[in-house]
Amino acid sequence: MVLFGITILAAGGAVTLTMLVFVPSEKIIFGVLTLIGISMILTGALRRMLEKIPYRIGAVICFLLFLILRPINGGYLNFGTGRLMLPQELYCNGFSALLGLPNPGFFSTDYFSVLP
């Protein structure tokens with residue numbers, strides 16, 4: 001799974017490079033192929049640990065993490081009725097966008113961050 005994830009990640013990099021060269025106005029940074037490749041690599045690397053978690057508990061944990069992390073691209077986390085604003089220093093560069101922390105000038109036609 002990890003090797004196939006690396007292949008998908010490389011394909012995402014090729015799409016990014018192609019778009020930057022030929023259609024820079026429609027650049028794709030951290031697109032869906034990048035997300036799928038990274039997800040496959042992480043899943044393959046963490047597989048043994050993840051298999052120890054009962055699937056129902058894992059599903060609940062994933063759902064709760066999604067609800068909390070869903071607005072991370074906007075600068076905060078959700079906690080039911082409250083919001084926790086995140087420090088703007090986290091949204092500092094292009095690579096932080098990979099995690100879901102894009103800087104104010106970040107733009108991508110096809111953007112899927114690792115978080116949420």
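Basis for what follows: all heavy atoms, side chains included, without hydrogens, waters or symmetry-related copies.
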Fill in the blank from the handout: For residues 48-72, the side-chain hydrogen bond (donor to acceptor under 3.5 Å, both in side chains) pairs (sequence neighbours left out) are R47-E51
Problem - side chain to side chain contact (heavy atoms under 4.5 Å, CB included) partners for L17, two or more places apart - result: V21
Fill in the blank from the handout: Those residues at least two apart in sequence (or on a different chain) that pass side chain to side chain contact (heavy atoms under 4.5 Å, CB included) with I57 are I53, P54, I61
Practice task
Check the hydrophobic clustering (I, L, V, M, F, W, Y; side-chain heavy atoms under 4.5 Å; chains of links allowed) and say if L9 and L46 are grouped together.
Solution key: no
Fill in the blank from the handout: In this structure, CG of L77 is separated from CZ of R83 (nearest 0.5 Å) by 11.0 Å
Handout entry: Partner residues of E89 under the side chain to side chain donor-acceptor pair (under 3.5 Å) criterion, sequence neighbours left out
Key = none
Problem - Rounded distance [0.5 Å steps], CG in L84 versus CD1 in I72 - result: 10.0 Å
Exercise for the section: Identify the two heavy atoms, one from C92 and one from N103, that lie closest to each other, and give their separation to 0.1 Å. Expected result: C-CB, 4.1 Å
Exercise for the section: Please examine the side chains of I6 and V2, heavy atoms only from C-beta on, and report whether any two atoms are closer than 4.5 Å. Expected result: yes
Completion exercise
With sequence neighbours left out, the residues meeting side chain to side chain contact (heavy atoms under 4.5 Å, CB included) with F63 are L67
Problem - Connected-component partners of Y76 among ILVMFWY, side-chain separation under 4.5 Å - result: M85
Exercise for the section: Sequence neighbours left out, what pairs pass ring pair (Phe, Tyr, Trp, His ring centres under 6.0 Å) with at least one residue falling in residues 95-116? Expected result: F106-Y111
Exercise for the section: Working to the nearest 0.5 Å, report the span between CG of D110 and OG of S108. Expected result: 6.0 Å
Exercise answer: donor-acceptor pairs, residues 24-45 side-chain atoms, under 3.5 Å, sequence neighbours excluded:
from: E26; atom 1: OE1; to: T109; atom 2: OG1; distance (Å): 3.3
from: S39; atom 1: OG; to: L35; atom 2: O; distance (Å): 2.8
from: T43; atom 1: OG1; to: S39; atom 2: O; distance (Å): 2.7

Problem - Minimal non-hydrogen separation, L86 against Y91, with atom names - result: CD1-OH, 3.4 Å
Problem - Cluster check M49, L65: I/L/V/M/F/W/Y, side chain < 4.5 angstrom - result: yes
Practice task
Identify the heavy atoms of S96 and L101 that sit nearest to each other, and give their distance.
Solution key: OG-O, 2.6 Å
